[in-house]
Number of protein chains: 2
Amino acid sequence: MAERKPRKDAARNRKAVLEAADALFARAERPEDLTMADIAAAAGVGKGTLFRAFGDRAGLLRALYEARLEPVREAAEAGPPPLGPATSPQERVPALLDAILCFKLDNRRLALALEESGSNSLYQAEHYERWHGLLRSMLEQIPGLDDAAFTAHALLAATRADLVERLADQEGTPRERLRDQLAGFATRVVSSDPATSRHD
Amino acid sequence: MAERKPRKDAARNRKAVLEAADALFARAERPEDLTMADIAAAAGVGKGTLFRAFGDRAGLLRALYEARLEPVREAAEAGPPPLGPATSPQERVPALLDAILCFKLDNRRLALALEESGSNSLYQAEHYERWHGLLRSMLEQIPGLDDAAFTAHALLAATRADLVERLADQEGTPRERLRDQLAGFATRVVSSDPATSRHD
DNA sequence: CGTCGAACCGGACCCAGGGTCCGTATTCTA
DNA sequence: TAGAATACGGACCCTGGGTCCGGTTCGACG
């Protein structure tokens, strides 16, 4: 049952690939034309090795992404306020979205490459389920807000990598402004008074 | 300066391609593996013709999409309430998003193909600019809502084709429920009482 | 340390699919 | 109806993801 440990060279190569890819994505301005062969070459490894270790392009991207995301995940699941659990949903929802936004700003190319890779690879990535579940559970605690599941999706959609890139890179919106806007939006969603919402 | 009119056969072929592609996308369950050669064959035309008429894959997708979208556009810009101009922003914003959602539900494959095609082709499609501009101008009329531009992006993000597909096809959410949820979300955003929004 | 099998390496190779080219056919103009 | 302009179409090119397999490295064991 227990996976027997990989050979030393395999482990070394895996790490080399991860590091090389990380560096390449950080530098690349067009992540989609960063080829697998490029990555293999940069890591000093054959293409075969790369595919054996990660399955396919999406697999590599996912591995990279999850690795980078790890700290954020921990902070969100067990860290200090306002991100951690000891916070009211009204504050924690914007805080979580802010954390995700910052992450995507800091890892633009990678996030972009991941979300663009193949058919809706975003929605079947584990981290998406994680964020969605977490967000939904927060939203469920907010009185007068039904459809927590949908709302969670909608809020997460506002942090899509390509949107972030458009706003930050193409339109040049400064980081802090973007953060404020998203926080404002989230707060609005989370704190709207249902009595005001008359429409039909 | 004036574009001289295209030759008769060119026009006929263009139409043939459009129709064939339309039919194919409607039937296909995996829009991404519907190849250009397939479309050309179905239209009874050579690949060259297809590329000459539309430039590239994204161009064809855009043309198809815009054509289908035309009625919605008209309804939104000059139709009767609640979609048309003679409606208060509080009602019209949800109505517009609903129209977009319905459109994407009815043209799932096509929308998916378009949004997946190449680097952020969604955000440089004309219709995106149109919706965004329209939405923004509505939101600007709502007191207490700043960042109309960002809010418009965020709301539109909730209608992303891949999200719609996940909810409708993969999770099986019924159409009407989805519409209700989106409308509820939009209404919430649009009608939240700013006095309630304390966060710092 | 020597040996042997398993695990791994890497780059040559395969193939689909987007996009191009150019000799031929069609349409338009006069 | 001739000649130029335009369009046709499918053979062809090329990139890039993914596979394969002969050769190498690892490490367990004697």
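First the proteins, then the strands, lettered A, B, ... as listed; each starts at 1.
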Query raised in the report: Below 4.0 angstrom, N of the basic side chain to O of the carboxylate: do B:Arg160 and A:Glu115 qualify?
Result: no
Query raised in the report: Going by heavy atoms closer than 4.0 Å, what residues in residues 37-58 of chain A are next to DNA chain D?
Result: A:Lys47, A:Gly48, A:Phe51, A:Asp56, A:Arg57
**Report entry** Side-chain H-bond candidate by donor/acceptor type, A:Tyr128 with A:His153, under 3.5 Å
**Finding:** yes
Query raised in the report: Hey, is the side chain of B:Thr35 poking within less than 4.0 Å of OP1 or OP2 on C:dG18, counting only N and O atoms?
Result: yes
Query raised in the report: Taking side chain as C-beta onward, heavy atoms only, is A:Leu112 less than 4.5 Å from A:Arg108?
Result: no
Query raised in the report: Are the side chains of A:Leu60 and A:Met36 in touch, meaning some heavy atoms are under 4.5 Å apart?
Result: yes
Requested in this report: Could you check how far NZ of B:Lys15 sits from P of D:dC8, rounded to whole Å?
Outcome: 15 Å
Report task. Using the ring pair (Phe, Tyr, Trp, His ring centres under 6.0 Å) rule, take B:Tyr65 and B:Phe103 through it: C-alpha gap first, then chi angles, then the decisive distance, then the call. Result -> CA-CA 10 Å; B:Tyr65 198 86; B:Phe103 180 80; 5.2 Å; yes
Protein N or O to nucleotides 25-27 of chain D N or O, pairs below 3.5 Å:
from: D:dT25; atom 1: O2; to: A:Arg7; atom 2: NH1; distance (Å): 3.1
from: D:dT25; atom 1: O2; to: A:Arg7; atom 2: NH2; distance (Å): 3.1
from: D:dC26; atom 1: O4'; to: A:Arg7; atom 2: NH2; distance (Å): 3.4
from: D:dG27; atom 1: OP1; to: A:Lys8; atom 2: N; distance (Å): 3.4

Query raised in the report: Between B:Glu32 (CD) and D:dG17 (P), how many Å, whole number?
Result: 16 Å
Query raised in the report: Counting just side-chain N and O atoms, does A:Asn13 come under 4.0 Å of either OP1 or OP2 of C:dC8?
Result: no
Requested in this report: Take A:Arg30 and A:Asp33, measure what salt bridge (charged side-chain N to carboxylate O under 4.0 Å, His left out) needs, and give me the verdict at the end.
Outcome: CA-CA 6 Å; A:Arg30 315 226 353 117; A:Asp33 50 53; 3.4 Å; yes
Query raised in the report: Below 4.5 Å, heavy atoms only, C-beta onward: do A:Glu129 and A:Gln124 meet side chain to side chain?
Result: no
Query - Student check: side-chain heavy atoms of B:Trp131 and B:Leu69 closer than 4.5 Å - result: yes
Query raised in the report: C:dG17 P sits how many Å from B:Asp33 CG, rounded?
Result: 7 Å
